[in-house]
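Accompanying notes for the structure given below.
Here is the naming used below: chain letters follow the sequence lines, and residue numbers restart at 1 for every chain.
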Amino acid sequence: MNAHLSPEEIVRREALQRLRGLGIDPFPAAEFVTNQSAQGSKDQYQEGLEVTLAGRIMNQRVMGKATFADLQDSSGKIQLYLNVDEICPGEDKTLYNDVIKHLVHFGDYIGITGKLFTTKMGEISVKVSHFQILAKSIKPLPVVKKDADGNIFDAFTDPESRYRMRYVDLVVNDHVKKTFYTRTKIVNAMRQFFNDHGYLEVDTPVLQNIPGGAAARPFITHHNALDIPMYLRIANELYLKRLIVGGFDGVYEFSRNFRNEGMDRTHNPEFTVMEIYVAFKDYNWMMTFTENMLGHVCHQALGTTEVQHGEKVLNFTPPFKRVTMTQSIIDFTGFDITGKTEKEIFEFCKSIGLEVNESMGKGKLIDEIFGAKCEKNYIQPTFITDYPVEMSPLCKRHRENPELTERFELMVNGKEIANAYSELNDPIDQLERFEEQMKLMERGDDEAMFIDHDFIRSLEYGMPPTSGMGIGVDRLVMLLTNNDTIQEVLFFPQMRPEKPVHGPDLSSFRNIGVMDEWVEHLPKAGFIDLDSLKNAKPTAIHQQLNGYRKKNKLEIPTIQLSDVESWVAAIN
RNA sequence: GAUCUCGUAGCUCAGCUGGUAGAGCAAUACACUUUUAAUGUAUGGGCCCUGGGUUCGAGUCCCAGCGGGAUCACCA
């Protein structure tokens, strides 16, 4: 048995039994009360102070009657000094000689009590007096080693394994855990900033009848009782605006959105956007609010507004630069879109080698130019303002130019981080804009928006002038944690499901009377399952198995032809 | 979706123009009471991703598939 387990796993499972034989429960139920953490013990070091800690044992260095090991908890690591006389003061040295030296493995959860001291090499350690197993680990963790200079050896780096088994990644890769701590600090800092302004955190439907508020392919599901299609939200914007109609001054939500589109290093099917809507404000106010908020977030999460990202240092100290879209396109192409017809812009796009087609409206064409020629140039935080009206169906027209909208996007490191409007609150204009979107859809733009008539009705009741802003939380976290892929900032990024590894079914061999010594060898000798036995002649099986035995010099009994015949009989 | 590339021990990786599967760490055993990538000696551990093909012979070459990664396209 255990043929599918690695030798190390078998050793650890045997250790479970040996521990039980010694009267030690490898998975005790009782609470283990600690009074300190690994890092806390070092930060508040006091020679001789007794501490009780719990964590994983990470690296054992057995030196006869003394053993050094590292204990890792959520705060970090501290070295343990396990001395036979300290741990087993009496005659019975079992706990040290058997348990600690042989039955405790890398990765096991243990609890210890001991006194803090400093080794002669100068490392703060715990001289352990009480030692207890809290939970065995029966699968070996990858062993990552680090030398005195901090160089890492044999790091657990395979992205597939790391993403599929994030629990392992978090245990052995310190920097991964740090990324997720920072992620939470970022979210908390944003929440604190909004709460301090008196805005209300809300929840709105994830399951929607109309996938509104953005243009994207939704995930579709079905509600049985109502017998209607339902959609996982692609955005929450229209619901938050309904709440502004309802009379709140400011509402915000950290919204998990779902889009049924491609996956790559910057896209995951589910992702998080923070959206905030504030009544009686416009997009100019929102720009100032946004830069102050990001400054606050950087301070809280990183302690600085100067953020290292790859080779670059991104400076989030407000205020940020502000550039209109029209000016940006002039800056990087020399072409002025002001007053140009769709045809003229279309021709310009073709002249600079962009792939454009008839389905694209004016707004989309302009967006193509910006995306290809301008976007990548904005490394430091920059607000791009005043987008063309066709690109922004939910945004109020610019107070000075009806072809433009009061919209900004925040570009950092060449990518969009935030998007904000003076929200369109004219219900008649809004309906017309939705109808424009329907026309785009008919032209073949599969990203155009659906019409949400209930949302229009809410606007008809009156929405105050409002500014709204959305910020891609995952992308922001990537920027602030120096990561290039969204998978690194999501605990469990979407992956293709693992195909089940269907190893040979050994128990079925046992059921037809194959002796235990032989069961594990049948697949290796070419008999994967019962069918493979059924489809072969007993004489052939007999010869093949004994040939295998001879070739591999197996010290197990030879097979008799009568054995094989009885197996085959048992199958039928 | 396209192109390139990778898949070998628990982990990190070698494996040449095809010829009996390798290293370090981890594991097991022994020694060692202040080590820290502990050390020394010994031992065990492989469906070489899967399925076809070429060949006397395939980890290696060819085809297909599965799963990663990178680049590109797509993603208001």
Quote, to the nearest angstrom, the [atom1] distance that separates [N] from [M].
N	M	atom1	value
B:C61	B:G44	C1'	34 Å
B:C63	B:U5	P	11 Å
B:A21	B:C13	C1'	14 Å
B:U8	B:U43	P	27 Å
B:A14	B:A76	C1'	50 Å
B:G57	B:G68	P	35 Å

Would you please confirm or rule out a distance under 4.0 Å between OP1 or OP2 of B:G69 and any side-chain N or O of A:R265?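 No, because none of the side-chain N or O atoms of A:R265 sits under 4.0 Å from OP1 or OP2 of B:G69.
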[X] side chain: which of [options] is closest?
X	options	result
A:D147	B:A76, B:A37, B:U35	B:A37
A:K65	B:U34, B:C74, B:U33	B:U33
A:M63	B:G68, B:U36, B:C32	B:C32
A:D367	B:A76, B:U12, B:A70	B:A76

Protein-nucleotides 1-3 of chain B N/O pairs under 3.5 Å:
none

Over all strands shown, is [X] touching base, sugar-phosphate only, or nothing at heavy-atom distances under 4.0 angstrom?
X	value
A:K146	sugar-phosphate
A:G213	base
A:F117	base
A:F271	nothing
A:V62	base

Paired to B:G1 by Watson-Crick or G-U wobble criteria (both distances under 3.5 Å) is B:C72
With no hydrogens and no angle check, do the side chains of A:E406 and A:Y387 hold a donor and an acceptor under 3.5 Å apart? no
Every protein N/O lying under 3.5 Å from an N/O of nucleotides 22-29 of chain B:
from: B:G24; atom 1: N2; to: A:D154; atom 2: OD1; distance (Å): 3.3
from: B:G24; atom 1: N2; to: A:D154; atom 2: OD2; distance (Å): 3.2
from: B:A26; atom 1: OP1; to: A:K145; atom 2: NZ; distance (Å): 3.2
from: B:A26; atom 1: N3; to: A:E8; atom 2: OE2; distance (Å): 3.0
from: B:U28; atom 1: OP1; to: A:H105; atom 2: NE2; distance (Å): 2.8

Ring pair (Phe, Tyr, Trp, His ring centres under 6.0 Å) partners of A:F68, counting only residues at least two apart: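 Listed in chain order: A:Y81.
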First encountered from the 5' end of RNA chain B, between A:V144 and A:Q79: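 Nearest nucleotide further toward 5': that of A:V144.
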Hey, which sits more toward the 5' end of RNA chain B by its nearest nucleotide, A:D70 or A:S161? A:S161
Please confirm whether the ring centroid of A:F332 lies under 6.0 Å from the ring centroid of A:Y378.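 A:F332 vs A:Y378: aromatic centres under 6.0 Å.
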Charged N-O contact under 4.0 Å between A:E160 and A:R164: yes
